[in-house]
Each structure stands twice: as C-alpha cells, then as structure tokens.
Amino acid sequence: MSPRRRLSPADRRAQLLTVGARLFASHPYADVLMEEVAEQAGVSRALLYRHFPSKQALFAAVYQQAADQLLAGTQLDPDAPLAEQLIQGMDVHLDYFVANRNAVLAANRVLAGDPVIQTIMTNELDALRARLLAVLPLADESAHEAVSDVLKSWLVFVRVLCVDWLTHGTCTRTQLRDVCIGAVLGALRPLLAEDPAPDWPPQESGAAGRGCPPHNT
C-alpha cells in the first residue's frame with residue numbers, strides 16, 4: 001500500500017469514488033474487491049469502510065455520481081431542433097455506457113433488485129422526462145399526461161435496448177441511437193401540435209426505420 005495522503009473527508013470520499021468508478025468500469029461487479037479499492041486509494045480498509053460500509057454502498061455512490069454527470073451533460077434547448085437535442089442526449093449516455101460497460105451491466109443485471117440503484121435510475125429517468133416535456137410542442141394541457149406516459153415508456157425501452165446492445169452488440173452504435181430516436185418521434189407525432197422533427201429520419205440514413213441488423217458491431 002502506498003503511503004496515505006491526508007485529505008479532508010470530502011476530498012477522501014471523492015478520491016474513493018474515483019477509484020471505485022475506475023474499478024467498476026474495468027471489471028465485472030463480482031471481481032471488484034473492497035481490499036483492492038483501499039489499496040489503489042492508498043488507505044486502510046477500515047477508512048474505506050468508514051466512508052462506504054459495503055461494496056454495494058460504494059457502487060451506489062459511484063452510480064449516483066454518474067447519473068448526476070449524465071444529467072448535467074444532457075442539454076435540452078427549446079430553441080434547437082428536437083432531433084439535434086435527442087442526438088446530443090443519446091450520445092452523452094452512449095459515451096458513458098460504452099466506457100463503463102461493466103458498471104452499466106452491474107446496475108441493470110447484478111443489482112437490478114437493489115432499491116437504492118433502482119431509485120437512482122428512476123430519478124434520472126424522471127428528470128429526463130421532465131426536461132423533454134418542457135421542450136415539446138404540446139397541443140394543449142390535456143396532451144401532457146399522454147405525452148408524459150409515452151416518454152416514461154420510451155426511456156425504459158431505451159435503457160433495456162442499450163443494456164441488450166452492450167451484452168450482444170447486434171447493431172452499430174449509430175443504428176442503436178437512431179432506432180431509439182425514431183421510436184420516440186414516431187410515438188409522439190400523433191400527440192403533438194406540430195411535427196417535432198419534420199426532417200427525421202435523415203434521408204442519408206435509413207437506420208431509424210430498419211432496426212438493428214444482426215452481427216454488425
């Protein structure tokens with residue numbers, strides 16, 4: 001173990017989260033040991049456990065930090081074309097999913113029944129849904145509930161599809177993104193006052209309408 005550096009409690013927690021995030025990203029959840037986290041952080045196991053009483057608690061803190069960063073990186077501007085906003089938001093999330101495949105699979109598979117992890121996911125999806133509702137051209141207030149329900153179902157669909165893609169890689173990243181965007185635009189068009197993305201799908205790409213062909217990673 002390297003010599004321990006004296007840090008404030010907040011700085012030490014941030015350091016432990018950084019080490020934990022790196023290990024959870026690079027290894028399956030079962031292979032990450034708290035002893036290794038402590039060793040790489042240069043702290044005793046006792047100190048690590050004072051900040052995070054279990055591996056599950058450490059993972060939850062890492063995942064909460066990631067959710068906060070993903071929300072901060074997802075910019076929705078009502079003055080920008082909706083398709084561009086959806087592309088930006090999907091790219092932010094896919095960048096994270098690809099770079100942190102093991103952590104995403106752990107949250108959605110290994111820890112799928114953990115109430116803390118589920119709360120983190122639900123809160124992020126609710127925040128994304130609220131942001132999308134704020135930029136969509138609703139016909140009137142009566143359409144709000146229907147559009148909200150569509151968005152809620154779509155966000156769950158995207159999460160499930162992305163997890164399956166990380167596991168099986170049955171289409172390209174661009175195809176995956178365009179399938180997700182095409183799905184929500186197709187579902188929303190009958191409910192909105194105007195077409196939210198009249199130029200979608202792009203003429204040069206039929207991926208949104210074709211789906212994900214097998215074995216094309």
Side-chain angles (χ1 to χ4, degrees), residues 1-76 88-131 155-169 173 176-177 180 217:
M1 181 186 301
S2 59
R4 187 188 308 174
R5 294 188 297 132
R6 295 186 65 85
L7 297 174
S8 70
D11 287 342
R12 180 64 71 191
R13 177 182 171 84
Q15 181 214 18
L16 294 172
L17 285 174
T18 298
V19 173
R22 183 172 66 246
L23 289 174
F24 286 125
S26 57
H27 298 83
Y29 180 81
D31 293 346
V32 177
L33 303 177
M34 291 293 272
E35 291 82 354
E36 186 176 4
V37 175
E39 181 178 356
Q40 292 203 15
V43 302
S44 67
R45 283 183 292 176
L47 178 57
L48 171 61
Y49 280 108
R50 281 205 293 273
H51 285 274
F52 303 102
S54 67
K55 182 170 76 170
Q56 208 158 326
L58 174 61
F59 182 87
V62 166
Y63 211 70
Q64 179 66 70
Q65 179 175 262
D68 293 341
Q69 292 171 348
L70 287 171
L71 285 173
T74 304
Q75 304 298 322
L76 293 178
Q88 188 271 341
M90 285 295 304
D91 280 341
V92 167
H93 281 71
L94 287 174
D95 284 345
Y96 175 80
F97 293 163
V98 170
N100 298 273
R101 176 181 179 274
N102 286 308
V104 174
L105 292 178
N108 287 275
R109 296 278 172 83
V110 181
L111 300 173
D114 182 87
V116 176
I117 300 300
Q118 288 303 309
T119 297
I120 293 169
M121 290 183 181
T122 298
N123 289 343
E124 185 197 1
L125 296 185
D126 285 346
L128 289 170
R129 178 171 47 155
R131 292 185 184 186
L155 288 165
V156 173
F157 162 79
V158 169
R159 187 180 77 182
V160 172
L161 189 61
C162 287
V163 170
D164 285 346
W165 177 73
L166 288 174
T167 304
H168 304 295
R173 172 181 163 144
L176 173 69
R177 185 195 69 191
C180 291
T217 56

Looking only at heavy atoms, the pair that brings L71 and R131 closest together is O-NH1, 2.6 Å
Going by heavy atoms in the side chains, are R173 and D95 under 4.5 Å from each other? yes
**OP:** Check whether any side-chain N or O of Q88 sits under 3.5 Å from a backbone N or O of G73 as a donor-acceptor pair, and report yes or no.
**Re:** yes
| query | Got a donor-acceptor contact below 3.5 angstrom from the R129 side chain to the L155 backbone? | reply | no
Looking only at heavy atoms, the pair that brings D31 and E36 closest together is O-OE1, 4.4 Å
CG of L48 to CG of L58, rounded to nearest 0.5 Å, is 6.5 Å
- Query: Heavy-atom distance under 4.5 Å between the side chains of T167 and R109, does that happen here?
  - Reply: yes
In R22, E35, Q15, the residue satisfying side chain to side chain donor-acceptor pair (under 3.5 Å) with Q40 is R22
Rounding to 0.5 Å, atoms CG (L17) and CD (Q65) come to a distance of 5.0 Å
- Task: Compare all side-chain heavy atoms of L105 with those of V110 and state whether any distance is below 4.5 angstrom.
- Result: no
Rounding to 0.5 Å, atoms CD1 (I117) and CD (Q64) come to a distance of 9.0 Å
Taken to the nearest 0.5 Å, the spacing of R177 CZ from L161 CG works out to 14.0 Å
**Report entry** Verdict with supporting geometry, V104 and Y96, side-chain contact (heavy atoms from CB on, under 4.5 Å)
**Finding:** CA-CA 9 Å; V104 174; Y96 175 80; 3.7 Å; yes
Point to revise | Donor-acceptor contact below 3.5 Å, side chain Q118 vs main chain A112 | key: yes
Of all heavy-atom pairs linking C162 and L94, the shortest is SG-CD2, 3.9 Å
S26 and N102 have their tightest heavy-atom pair at C-ND2, 3.4 Å
For the backbone of N108 and the side chain of R159, can you confirm whether one donor and one acceptor N or O come within less than 3.5 Å of each other? no
A60 and I120 have their tightest heavy-atom pair at O-CD1, 3.4 Å
>> Are the side chains of Y49 and V43 in contact, using a 4.5 Å heavy-atom criterion?
In response: no
T74/E124 under side-chain contact (heavy atoms from CB on, under 4.5 Å): CA gap, chis, key distance, verdict:
CA-CA 11 Å; T74 304; E124 185 197 1; over 6 Å; no
Got V92 and Q75 here, is their nearest side-chain heavy-atom distance under 4.5 Å?
no
Applying side-chain contact (heavy atoms from CB on, under 4.5 Å) to A57 and not counting sequence neighbours gives P53, S54
### Task
Please lay out, stage by stage, how E39 and L33 fare under the test side-chain contact (heavy atoms from CB on, under 4.5 Å).
CA-CA 10 Å; E39 181 178 356; L33 303 177; over 6 Å; no
Heavy-atom nearest pair, V32 first then L23, reads CG2-O, 3.6 Å
Item to check | Donor-acceptor contact below 3.5 Å, side chain N100 vs main chain A103 | outcome: no
Heavy-atom donor-acceptor pair, R101 side chain to L166 backbone, under 3.5 Å: yes
Residue set satisfying ring-ring contact (aromatic ring centres under 6.0 Å, His included) with Y29, at least two apart, ordered chain then number -> F24, F59
